[in-house]
Protein chains: 4
Amino acid sequence: MFIKIDLTSDVPIYVQIKNAIIEGIARGELKEGDSLPPIRQLAEDIGVNMHTINKAYNLLKDLGFITINKKYGAVIQVEGFNGAFMESLKEELRPIITEAFVKGMDRDAFIKLVEGIYDDFGGRRNE
Amino acid sequence: MFIKIDLTSDVPIYVQIKNAIIEGIARGELKEGDSLPPIRQLAEDIGVNMHTINKAYNLLKDLGFITINKKYGAVIQVEGFNGAFMESLKEELRPIITEAFVKGMDRDAFIKLVEGIYDDFGGRRNE
Amino acid sequence: MFIKIDLTSDVPIYVQIKNAIIEGIARGELKEGDSLPPIRQLAEDIGVNMHTINKAYNLLKDLGFITINKKYGAVIQVEGFNGAFMESLKEELRPIITEAFVKGMDRDAFIKLVEGIYDDFGGRRNE
Amino acid sequence: MFIKIDLTSDVPIYVQIKNAIIEGIARGELKEGDSLPPIRQLAEDIGVNMHTINKAYNLLKDLGFITINKKYGAVIQVEGFNGAFMESLKEELRPIITEAFVKGMDRDAFIKLVEGIYDDFGGRRNE
DNA sequence: GTGGTCTAGACCACA
DNA sequence: GTGGTCTAGACCACG
């Protein structure tokens, strides 16, 4: 698994790592039951501190994408979406859509954009 | 114009203000050519520091929603979307969509969510 | 507010701090709306590292006892209990009660113990 | 005896095993004088390391639920509760009750919860 | 002046 | 060998 960090980004490193791992699941490179690398190893691999990886893993745990135990480390195990997730999704989405709308981007153009991203994960099923 | 700030949110206040103003444009409460309130006044109205309002206005300017000049202050003037905007939109959208996909939300369900938000601004045109 | 840490305890320091603060609320020394000390100040006061306090505050936030914002820092704001809380409460309680039962402590004796602790917070209301 | 381990729980495995055995006594499935399975066998049965079982058995011994000798292995022999037990019980219970109280759960509701758990072991006596 | 992020490096509990 | 905790000390974003 290859994670590329942009140190100049204003997105915190641990969030970038979180996103990269979820992206890895979406792409099918990481499957349910797979173990993520040990925090210290991944830290060395991508050249950041152990604590930063730790924070990313714990965030993934809180978001329901992995479980953590001392035997197998961090293991992919995705909780399905629920009402709370839908709510937070909507709240994240709303200001983005509003900006696009105000800038004159119509609904169909926006949906096309969404479809384009979805198609990247196209044939895959997450089970 | 009524802006409600949620101090408990982890969205920075100046971003909340920015979002509220764009939302105001989307809802038709603010139109091209309208002036935003003077910084001091808005700061007092919603009970935050002038500095914070200033930051929000500057962000709106950078995003192409207003112009700022000494004479008229902050005036709504929306730049249409361009390639750079599309790129940043995609970058914002991607991790959100990826999470939804991995959690088992399919494309159509996501699109329905998008449509729901778009419909809030329904019949309006921004000109 | 006075927090006493037992460095020899196997309860992590940040958990001890969390417990002490909840205890402070229960005793009425901390009320809704009160700000907790800034993390660095409390860290110095009780002689632990800033990060340990930070962890305690974030845990309290996750548990629904405080909110955190940059303006007022950590502010007491208690979420009422819900189903999820009841479940975790039951799971915590079960092994404790089971031990007591097996050791021959009957229901009434156990309840008396509970009442004794409740009475420490007796006349108070948390609103 | 059937012990189910939850690797995703943050309760250590050896504590889960300890709890399960005490629960077995409470339910009457294990009685005074009964032998627990040999360490190796139980380790194999539930798929954990011998070391972990050993730790659980030693904990049970320290808590006064079993005796361990070379001839008969681990044998259920429950010490009645004493002052020290009461003290540790109180210390465990206090933060749990405090959280419940602060979240607005009143004494009677809490006691009802306790009674519900006690009733699971209802008509039984441990002798 | 507040919390948030990150680093470097140590020790410990659990498996 | 795994994650968890803790420390000391730095820099940054937000208000």
[X] [atom1] - [N] [atom2] separation (whole Å):
X: A:Leu42; N: F:dG1; atom1: CG; atom2: C1'; result: 16 Å
X: C:Leu7; N: F:dC6; atom1: CG; atom2: C1'; result: 10 Å
X: C:Ile17; N: F:dT5; atom1: CD1; atom2: P; result: 13 Å
X: A:Asn58; N: F:dT2; atom1: CG; atom2: P; result: 17 Å
X: A:Lys18; N: E:dC6; atom1: NZ; atom2: P; result: 13 Å
X: A:Ile39; N: E:dT7; atom1: CD1; atom2: C1'; result: 14 Å
X: C:Ile68; N: E:dG4; atom1: CD1; atom2: C1'; result: 10 Å

Not counting sequence neighbours, which residues clear side-chain contact (heavy atoms from CB on, under 4.5 Å) with [X]? List them please.
X: B:Lys61; result: B:Asn58, B:Ile66, B:Ile68
X: A:Thr67; result: A:Val75, A:Gln77, D:Thr8
X: C:Val11; result: C:Ser9, C:Val15, C:Gln16
X: C:Glu79; result: D:Lys103

Quiz item: Which residue pairs pass the salt bridge (charged side-chain N to carboxylate O under 4.0 Å, His left out) test when at least one of the two sits in residues 3-14 of chain D, sequence neighbours left out?
Solution: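 Qualifying pairs: none.
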
Quiz item: Using a cut-off of 4.0 Å between protein heavy atoms and nucleotide atoms, how would you tag nucleotides 8-15 of chain E 5' to 3' with B, S and -?
Solution: BBBB-BSB

Practice problem: Map every base of DNA chain E to its dot-bracket character, where paired means a Watson-Crick or G-U wobble contact with both distances under 3.5 Å and | marks a partner outside the strand. | Solution: ||||||||||||||.

Quiz prompt | Test side chain to side chain donor-acceptor pair (under 3.5 Å) applied to C:Asn49 - qualifying residues, sequence neighbours left out | solution =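 Scan of C:Asn49 (side chain to side chain donor-acceptor pair (under 3.5 Å), adjacent residues dropped) gives C:His51.
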
Under 3.5 Å, which donor-acceptor pairs do the side chains of residues 86-95 of chain C form with other protein atoms, sequence neighbours left out?
{"from": "C:Ser88", "atom 1": "OG", "to": "C:Phe85", "atom 2": "O", "distance (Å)": "3.0"}
{"from": "C:Arg94", "atom 1": "NH1", "to": "D:Glu23", "atom 2": "OE1", "distance (Å)": "3.4"}
{"from": "C:Arg94", "atom 1": "NH1", "to": "D:Glu23", "atom 2": "OE2", "distance (Å)": "2.6"}
{"from": "C:Arg94", "atom 1": "NH2", "to": "D:Asp120", "atom 2": "OD2", "distance (Å)": "2.3"}

Exercise. Using a cut-off of strictly less than 4.0 Å, decide whether C:Asn54 has a side-chain nitrogen or oxygen near OP1 or OP2 of E:dG4.
Key: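 Answer is yes, contact under 4.0 Å.
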
Practice problem: Calculate, to the nearest 0.5 Å, the distance between atoms CG and CD1 belonging to D:Leu42 and D:Ile17 respectively. | Solution: 6.0 Å

